[in-house]
Amino acid sequence: MSSFLNGKRILLIVSGSIAAVKVPDMLRLFRKEDADIHCLVTKGGSHFVTPMALASLSGHPVAQDIWDESEEASIRHIRLAREADIIIVAPASADFIAKMANGLANDLASTVVLAADSPVLVAPAMNHRMWHHPATQRNIELLKSDGIRFIEPEEGPMACGETGVGRLADPLKIVSSAKSALSCQSANKNLVNKHFIVTAGPTHEPIDPVRYLANRSSGKQGFAIAAALQMLGAKVTLVTGPVHEATPVGVYRVKVETAVQMKDAVEAALPADGAIFTAAVADWRLPLSASKYKKDQDPPELMLIENPDILSEVAHKKVNRPTLVIGFAAESENLLENARSKLQKKGCDWIIANSVIETKNAPSAMGGDYNQIHIVTDAGVESWETMSKKDIALKLTAKIADYFKAAN
Ligand code: C5P
């Protein structure tokens with residue numbers, strides 16, 4: 001199993017807040033994703049979580065003191081800032097946020113943040129009155145305008161016995177925000193304002209007013225790709241069959257039921273710079289029976305009619321063909337062979353092959369949260385290790401951004 005964070009160097013700055021007791025959980029999550037995580041703890045932070053615990057759980061010595069002569073020979077604050085792919089301040093106390101907003105550099109943590117050129121992600125944690133205080137809000141606005149990203153604190157009971165906004169965000173959310181920030185950082189800016197059409201989910205083909213033909217597609221991969229493209233600045237039209245996924249923020253969603261409706265929605269969304277067809281479109285539909293088939297009659301003879309192949313039609317367009325057309329091939333056997341022949345037949349640029357049969361090393365592509373993909377192009381096959389569909393989306397959109405960079 002691989003992860004988008006595999007080998008990424010993360011510097012976690014722990015400042016003085018009771019929420020620092022959640023840092024061990026956070027470290028476990030980052031290590032589970034194979035991130036190379038290092039900790040720096042402020043004096044205040046070390047009152048809540050010991051440097052010994054941070055060192056044991058991160059697997060690295062913990063940075064603390066700016067006046068450590070042995071370390072300053074290598075100008076440690078600059079080195080720590082430079083080596084990190086991302087710096088996360090979690091928990092960030094009101095005091096540390098104020099320091100950052102004013103550019104103070106009077107301890108190792110604030111000096112490192114001031115010397116940073118990698119993305120900085122801040123997860124505040126404090127009493128709700130401190131959070132709502134105009135001074136804190138002013139500092140946050142200032143830092144946001146400097147490009148610092150915030151993971152908003154949550155509402156709930158606080159250590160002081162009061163209830164309100166100010167609890168440290170869930171460690172899982174901090175991990176996923178780190179992934180998003182790294183993805184935006186590593187991808188070039190070539191997707192900004194580009195229009196992408198993404199199809200996702202199954203289609204439902206009615207048999208009669210109550211029954212339909214369907215498949216097990218969850219839409220998860222397509223939704224994750226749409227969200228990742230949007231994060232990189234693309235305008236996204238997401239055409240979906242009936243699924244239960246929430247629409248990603250900032251994505252324009254068109255809901256359809258049948259393959260014919262999906263085709264019409266895709267046509268209406270053109271022109272586009274890129275089109276990614278993750279939907280498991282039903283290959284056939286039926287002539288709709290106006291009334292419900294009755295059990296006491298003979299079993300109906302269902303006549304199947306071929307559905308339009310949306311991917312193939314868009315990829316073969318003479319006018320308005322998107323620059324990059326990507327199809328998915330869900331196969332139960334001869335995965336790569338079938339994918340190669342689909343690449344030719346459908347006329348698309350990339351086919352992403354995934355298996356619908358679960359094996360010891362790879363999950364089934366249908367329904368679950370994980371997948372293993374092979375990107376088949378005229379140039380050959382690129383196989384990725386099993387990872388979450390969200391991580392696949394982040395890695396895939398970075399590859400798409402590179403494609404557009406080369407095409408420019
Ligand atoms: O031929 P097959 O269904 O395996 O092809 C899969 C690819 O073609 C997927 O990208 C799918 O979204 C697309 N497709 C389509 N319209 C169809 C059938 C498949 O766009 N009617």
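Each ligand, and each atom within it, is numbered from 1 in the order the structure gives. Only heavy atoms go into these numbers, but all of them, side chains included; no hydrogens, no water, no symmetry mates. Sequence positions, counted from 1, serve as the residue numbers for this chain.
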### Task
For atom 10 (O) of ligand 1, find the nearest protein heavy atom and state the residue, atom name and distance (0.1 Å precision).
F277 O, 2.5 Å
### Query
Looking at side-chain heavy atoms only, is the closest gap between T278 and I352 below 4.5 Å?
no
### Message
Against ligand 1, does E313 come closer than 4.0 Å with any heavy atom?
### Response
no
### Query
Under 4.0 Å from any heavy atom of G327, which atoms of ligand 1 are there?
10 (O)
### Task
Enumerate the atoms of ligand 1 whose separation from the nearest heavy atom of K342 is less than 4.0 angstrom.
1 (O), 2 (P), 4 (O)
### Task
Identify, for atom 16 (N) of ligand 1, the protein heavy atom at the shortest distance, and state residue, atom and that distance.
I310 N, 3.1 Å
### Query
Do any heavy atoms of A280 fall under 4.0 Å from ligand 1?
no
### Task
If the plane angle is over 60° it's perpendicular, under 30° parallel, otherwise tilted; pick one for H204 and Y212.
parallel
### Message
Could you tell me, atom by atom, which parts of ligand 1 come under 4.0 Å of a heavy atom of D283?
### Response
3 (O), 18 (C)
## Note on the structure
Among non-hydrogen protein atoms, atom 9 (C) of ligand 1 lies closest to F328 O, 2.9 Å
### Query
Between the candidates S217, G222, A279, A330, which shows the shortest non-hydrogen contact distance to atom 12 (O) of ligand 1?
A279
### Query
Counting heavy atoms only, which of P308, A282, S312 comes nearest to atom 21 (N) of ligand 1?
P308
### Query
Taking 4.0 angstrom as the limit, do D107 and K99 come out as a salt bridge?
yes
### Message
Under a 4.0 angstrom heavy-atom cut-off, which atoms of ligand 1 come close to K346?
### Response
1 (O), 2 (P), 5 (O), 6 (C), 7 (C), 8 (O), 19 (C)
### Message
What protein heavy atom lies closest to atom 13 (C) of ligand 1? Include the residue and the distance to one decimal.
### Response
L311 CB, 3.7 Å
### Message
Any carboxylate oxygen within less than 4.0 angstrom of a Lys/Arg side-chain nitrogen, looking at E33 and K179?
### Response
yes
#### Entry: Test: K8 and D36 ion pair at under 4.0 Å
no
### Query
In this structure, are over 12 heavy atoms from other groups packed under 6.0 Å from Y370 atom OH?
no
#### Entry: Ring-face cation of K399 near W384 (centre distance under 6.0 Å, axis angle within 45°)
no
### Message
Distance check, rounded to the nearest 0.5 Å: E141 atom CD versus T136 atom OG1?
### Response
12.0 Å
